[in-house]
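This structure is in structure tokens; I'll ask about it shortly.
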Amino acid sequence: MTTGLWVTASGASAERLLAVIPPACRRRVDMASAGIAADEAVLETPTWPAAGATHFVPSFSALTEAAYSVRLELSVRVGGGWSPWAAGASLGAAPFPPLTAEGPLSVDIDEFHAPAPVEAVRVRARLRGADGVLGAPWLLTLSAASPGAAGRARAGGRAVRLAVPPLSQMEWGAALAPRVCSPTSVAMVLDFWRRPADPATLAAEMFHAPTDRYGVWPAAVMAAGRHGVAGYLLRFPDWTSAAWCLAEGLPVIVSVRYGAGELTGAAITETSGHLLVLTGLDGDRALVNDPAAPSAAAVARRYRIDELARVWLERAGVGYVLFPLGG
């Protein structure tokens, strides 16, 4: 799988943004002008030459406490012509009217899929409550990938251990505990960046009522921005890119899926979808904070790199990378 990350940003330096993207995934950072105050706005990227890609994961991050809603939309060029815009899930309190034109793109909440490799892509963020966003630093990003086997994970290299404070989702109570791995993971990383946030507040901000989910990926990036931490979503192409993030001091929240026996010592036996925090490397072991552990004392764990790579990179492969813009 080949992967690239494209970024359009305002209020941040290109140098800072490139410094938090794995080298193998860096494509382009385009700087936008600050917007004019308006309640509704559309932010649109330039044409990005994501040739050969079929899988797309956009995200939007704004460093503001203002309430706003956003919907991420995508158009692709195939055979020299542009497809109609396709829309992802609406995030925030204000809904958006549906797009009526049908095109080749299919959408699964937070992921877009093209039936054949594309020539180029455009992304736009449709905003309501935009007057609280356009003057703040913001990032509109796209992870574009082509299908194929993820790179083989290689153990070894420099040991890394990031001091990410542990939190257990299982301490939330029976009703919510199985459902809040994403807000619990985001809370751990915000605490690492010294921007602590109440996990229950994060869960409320990330909850997506139309799907009854706490784990909609761009909602996590959006929520982190409310607490002063920027971020993007990335389909990681290989273990080397994950190891680079850790070496640069960037924990990665990873989306895994596995059956019984596929992840030795896992906090839960099997899962159709779970988020945990990659915090370090030690030989052939990955250091993680797994929020599904029964208590905070049991959250820090060591998983085999080859097994973790299989249940992460060879499945969804998606990670949240969160970071302060100030460095």
Side-chain angles (χ1 to χ4, degrees), residues 1 3 22 148-172 174 176-189 191-192 199 214-215 217 220 233-322:
M1 178 175 65
T3 291
R152 184 179 299 274
R154 297 180 181 177
R158 181 166 68 89
V160 181
R161 185 186 299 269
L162 303 180
V164 179
L167 289 173
S168 170
Q169 71 189 80
M170 296 305 177
E171 297 177 340
W172 284 56
L176 282 179
R179 309 182 61 202
V180 290
C181 55
S182 185
T184 306
S185 295
V186 171
M188 287 191 270
V189 176
D191 203 1
F192 171 78
Y214 291 90
W217 295 332
L233 299 172
L234 177 65
R235 286 181 66 104
F236 278 74
D238 50 38
W239 189 259
T240 299
S241 295
W244 180 90
C245 286
L246 294 171
E248 294 299 311
L250 299 166
V252 182
I253 300 172
V254 305
S255 176
V256 298
R257 185 174 70 250
Y258 57 86
E262 288 193 285
L263 187 60
T264 304
I268 47 176
T269 303
E270 57 187 330
T271 176
S272 60
H274 180 51
L275 281 300
L276 54 83
V277 185
L278 184 59
T279 66
L281 302 172
D282 185 12
D284 63 353
R285 295 294 190 267
L287 309 181
V288 306
N289 277 10
D290 192 332
S295 67
V299 161
R301 290 174 176 251
R302 299 163 61 90
Y303 292 155
R304 284 175 46 177
I305 287 175
D306 59 338
E307 293 181 346
L308 183 59
R310 186 177 309 119
V311 304
W312 172 36
L313 298 177
E314 295 181 17
R315 311 262 162 100
V318 169
Y320 315 168
V321 182
L322 307 177

Can you check whether Arg257's main-chain N or O pairs, donor with acceptor, with Arg315's side chain at less than 3.5 Å?
yes
Is the shortest side-chain heavy-atom distance between Leu308 and Leu278 below 4.5 Å?
yes
Could you state the interatomic distance from CE (Met170) to CD1 (Ile268), rounded to the nearest 0.5 Å?
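Output value for this atom pair is 6.0 Å.
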Between Glu307 and Thr264 (side chain of the first, backbone of the second, donor and acceptor by atom type, cut-off under 3.5 Å), is there such a pair?
yes
Inter-residue atom distance Ser241.OG - Arg235.CZ, 0.5 Å rounding:
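The CZ atom of Arg235 is 13.5 Å from OG of Ser241, to the nearest 0.5 Å.
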Could you tell me how the ring of Phe236 sits relative to the ring of Trp312: parallel (under 30°), tilted (30 to 60°) or perpendicular (over 60°)?
tilted
Nearest-0.5 Å distance that lies between atom OG1 in Thr184 and atom CH2 in Trp172
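It is 5.0 Å, given to the nearest 0.5 Å.
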Give the C-alpha distance, both sets of side-chain angles, the deciding distance and a yes or no for side-chain contact (heavy atoms from CB on, under 4.5 Å) between Trp244 and Asp238.
CA-CA 10 Å; Trp244 180 90; Asp238 50 38; over 6 Å; no
Starting at CG of Leu250, measure out to OG1 of Thr279 and round the result to the nearest 0.5 Å.
13.0 Å
For the residue pair Pro183 and Pro199, what are the closest heavy atoms and their distance?
CB-O, 4.4 Å
Looking only at non-hydrogen atoms, find the nearest pair between Val189 and Pro251 and report the distance.
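Scanning both residues completely, I find the closest heavy atoms to be CG1-CG, 4.1 Å.
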Residues at least two apart in sequence or cross-chain that pass ring-ring contact (aromatic ring centres under 6.0 Å, His included) with Tyr303, listed by chain then number, are none
Can you find a pair of side-chain heavy atoms, one from Leu234 and one from Pro22, that are under 4.5 Å apart?
yes
Quickly, which of Pro294, Ser295, Pro291 forms a side-chain contact (heavy atoms from CB on, under 4.5 Å) with Glu171? Name it, please.
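The passing option is Ser295.
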For the CZ atom of Arg302 and the CG atom of Leu281, what is their distance to the nearest 0.5 Å?
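It is 10.5 Å, given to the nearest 0.5 Å.
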Which pair of non-hydrogen atoms, one from Leu167 and one from Val299, has the smallest distance, and what is that distance?
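Answer, listing the atom of Leu167 first, then Val299: O-CG2, 3.3 Å.
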Please evaluate residues Leu246 and Leu162 with respect to the criterion side-chain contact (heavy atoms from CB on, under 4.5 Å), reporting the C-alpha separation (whole Å), side-chain torsions for both, the decisive distance (0.1 Å), and the verdict.
CA-CA 8 Å; Leu246 294 171; Leu162 303 180; 4.0 Å; yes
Might you point out which heavy atoms bring Val252 and Cys245 nearest each other, and give the distance in Å?
CG2-CB, 3.7 Å
Compare every heavy atom of Ala260 with every heavy atom of Glu270, then report the nearest pair and how far apart it is.
CB-N, 3.7 Å
Locate the shortest heavy-atom distance separating Asn289 from Val164; write the atom from each residue and the value.
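Closest pair (atom of Asn289, atom of Val164, distance): ND2-O, 2.8 Å.
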Measure the spacing between CG of Asp290 and OG of Ser185 and express it to the nearest 0.5 Å.
8.0 Å
Given 3.5 Å as the limit, does a donor-acceptor pair link the side chain of Arg301 with the main chain of Gly265, or not?
yes
